Amino acid sequence: MEVYLDNSATTMVTEGVRDKVIKALYEDYGNPSSMHRLGVKAEQYIKEASQIIAGCLKVEPKEILYTSGGTEANNLALIGTAFANKRRGNHIITTRIEHPSVHQPLVYLEENGFEISFIPVDSTGKIMKDKLFDMIKENTLMVSIMYVNNEIGAVQDIAELGAELKQRKKDIIFHVDAVQAFGKYKIYPKKENIDLLSFSGHKIHGPKGVGALYVSEKVKINPTMFGGGHQRGLRSGTENVPGIAGIGQAVAEIYTNFDEKISRMYDLKQKFLQEISKLEGVTLNGIPMECTEAFELEHLKKTAPHIMNVCFSGVRSEVLLHALEDKGIYVSSGSACSSHHPTPSVTLTAIGLPKELMDSTIRFSMSEMTTMEEIDYTLEQIKPLLPMLRRYTRK
Amino acid sequence: MFKAFLIKYAEIGLKGNNRYIFENALRDRIKEALNRLGDYEVSKEQGRIFVECPESYDYDETISALQKVFGISSICPVAVIESSEWEALTKGVGDYVEAMYPDRSFTFKVEAKRADKNYYLTSPEICIEMGAYLLKRFPEMKVDVHEPSVRVTVEIRTKCYVYSIIIPGLGGMPVGCNGKAMLLLSGGIDSPVAGYMISKRGVSMTATYFHAPPYTSDRAKQKVVDLAEKISKYTGTMKLFVVNFTDIQLYIYDQCPHEELTIIMRRYMMRIAEKLAEQEGCLGLVTGESIGQVASQTMQSLAATNEVCTMPVYRPLIAFDKKDIVEIAKDIDTFETSIQPFEDCCTIFVAKHPVTKPSIKVINRSEKKLEEKIEEMIETALNTVEVITVG
């Protein structure tokens with residue numbers, strides 16, 4: 001049996017997405033900037049995708065910018081906005097648990113005259129709201145907060161934060177990295193006071209190499225990519241038509257039968273957590289304090305439906321990962337993006353995870369395609385592995 | 001300008017009646033190296049090898065391929081002059097000098113060789129006449145027969161060849177003229193260098209890697225395949241045996257004192273590698289060990305590891321400092337791959353304080369505890385070995 005539980009790293013494309021991409025790649029291969037018929041046809045794909053995405057977000061199609069992925073969307077959102085508005089202020093607030101594609105552009109901005117403040121999080125990965133509001137100053141330009149944390153699945157109360165931020169300082173720009181949240185939550189930027197929203201194609205069964213940034217028409221933003229003036233001069237470069245067609249299709253599909261899919265994922269998550277927490281030496285990250293051994297759905301629903309972060313004490317996560325791989329189960333240790341570096345995980349450090357558990361953490365991440373059989377199989381395989389792996393260690 | 005290369009070899013030239021074996025091997029290795037690039041003519045000619053290039057070829061690519069063939073002492077890019085008729089020859093050589101050296105204020109000397117002994121001038125006469133011609137055509141050049149800065153060499157065969165550049169080759173001996181050896185390849189810095197060095201003496205290489213899933217990952221294995229691929233640029237096509245070592249390792253872990261784990265493990269690696277080596281017709285084992293580098297490479301540890309093999313074990317790095325090994329690893333382009341941080345099976349269970357002075361007696365006694373299952377496990381490991389061909 002093959003069980004893919006690394007959907008926060010990337011997802012499998014659907015048949016619908018595959019067909020759409022192939023058509024745009026192979027049949028309607030024109031350059032959307034060309035004057036002739038093939039160009040018009042290619043442009044049609046982009047219009048269609050923008051319509052779908054704008055419809056889901058309840059925004060205008062022209063407020064959607066396409067990028068090469070979540071990383072570029074975050075870079076553009078932060079660097080493009082910071083430089084365009086630097087006269088208004090140079091202070092930016094963010095959290096301690098952001099993805100590197102938010103953190104690193106902010107480090108760059110810090111080196112270029114901006115001041116960055118970091119909001120701490122509690123042991124479940126929730127930001128300390130009071131601290132955030134205390135940080136707001138005269139010169140605060142922007143606040144950037146991730147919707148769903150990629151490592152532990154902690155969810156921030158984005159709508160509540162958006163409202164509160166605007167109340168305290170009307171012109172604050174609110175950026176939300178929704179790479180892990182898009183397709184799992186209905187997000188309405190206008191209602192939730194979000195000015196910039198980044199998301200990616202390949203986390204929602206779309207192709208890799210494409211992402212998008214919602215930019216409220218009220219926000220002034222500079223390009224970070226210069227050239228032929230594509231996408232209203234904000235992101236030059238011939239549009240990735242197959243990618244854009246693919247992300248449009250993926251968005252349309254993921255928001256179909258949405259509530260049902262999400263509630264099914266919570267059921268799977270509940271079952272998984274109930275069972276895995278019974279095993280010896282297992283602790284969970286990102287789970288609300290109120291949760292009991294039953295993992296009541298009302299509490300569980302405060303976390304993301306698809307991410308489960310588990311510590312197996314005395315087991316090296318890399319070894320468990322490969323042992324599971326051997327059984328056809330694919331997971332990641334910590335966060336896949338940081339697995340190649342020996343540096344400890346940002347999020348796990350921020351939530352105060354003891355050092356000895358850092359190297360014993362596995363992330364299981366589901367998609368709408370995950371089934372109860374797969375979850376059962378995974379649990380069944382993990383059980384006998386733990387004592388075996390604990391027996392053979394470095395002494 | 002260069003249509004051909006003259007390849008010189010040093011050490012082979014000293015061989016006796018079996019010299020042709022070495023020459024043929026060198027010719028074949030050159031052919032193999034160049035075949036990947038295009039349609040080159042490679043032929044043996046009186047103490048050297050002559051490579052004729054196809055109509056369109058890449059000069060740098062060709063040189064770099066030739067610089068990876070063991071047995072070549074130097075490579076001379078040559079210009080071909082179609083006619084040996086004197087006027088055509090002098091003009092050809094003059095044109096060569098003019099094109100090669102825009103600034104001609106240097107000292108030079110002409111050297112001549114004639115394979116065509118019926119040519120109407122003798123070699124010294126060619127030198128003198130050609131020197132005179134060049135002096136007349138390029139008055140800024142000066143003759144210095146003792147220490148010239150440029151040596152213009154003219155060879156007269158059916159066609160004529162002129163060259164003045166000598167690019168050093170790797171030296172050593174052509175792979176295949178000295179039997180075959182089994183390299184114990186880990187993912188580290190040393191073993192690829194060891195394989196390279198032994199291969200440089202004309203030895204074909206085969207390699208064994210010990211894989212310990214799930215403790216070592218597919219990436220760690222891929223790293224070793226990549227390393228083998230890099231060495232094969234020198235050694236030619238190479239077979240890599242991947243042995244699944246997990247069960248044996250865990251068995252030793254269960255049965256033997258933990259501080260002896262590494263040394264006992266290494267002894268079993270040697271035993272298994274020797275078995276594979278015998279199967280493959282290898283005449284020796286090659287390791288990257290260097291005295292005192294780590295606990296398992298002290299004199300005592302080496303003695304303990306060595307004791308289990310009857311086949312000779314070649315350790316070309318035995319007296320090398322790490323920094324010197326690193327230098328070679330960088331030269332042969334294995335360093336960057338070697339330092340990728342994937343765990344190999346020697347480090348996964350390594351004891352905090354492994355024995356550094358193992359007594360062979362004690363180790364043998366510890367190994368007695370493995371008697372029940374070990375032979376069967378070795379058998380299984382040998383039967384399930386994966387073979388990957390690289391290069």
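Here the structure is a predicted model, which means the values were calculated and not measured. To find a chain, count down the sequence lines: A is the first, B the second, and so on, and within it residues start at 1.
- Under a cut-off of 6.0 angstrom, the local environment of CD in B/Q222 is crowded, with over 12 non-hydrogen atoms contributed by other residues, nucleotides or ligands.
- Residue B/M299 places its CE atom among 12 or fewer non-hydrogen atoms of other residues, nucleotides or ligands, all under 6.0 Å distant.
- Within 6.0 Å of NZ in B/K239 there are 12 or fewer heavy atoms belonging to other residues, nucleotides or ligands.
- Side chains of A/D326 and B/P214 form no contact here, defined as non-hydrogen atoms less than 4.5 Å apart.
- Distance CG/B/L250 to CE/A/M388: 6.5 Å, rounded to 0.5 Å.
- In this pair, B/Y253 and A/Y392 present their aromatic rings perpendicular. The plane angle is above 60°, beyond the 30 to 60° band.
- Counting only distance, with no hydrogens or angles, the side chain of B/Y215 and the backbone of A/H322 share no donor-acceptor pair below 3.5 Å.
- Of the listed residues (B/D254, B/D218, B/L261), the one with the most heavy-atom contacts under 4.5 Å to chain A is B/D254.
- Crowding of B/K373 atom NZ: a count of heavy atoms from other residues, nucleotides or ligands under 6.0 Å not exceeding 12.
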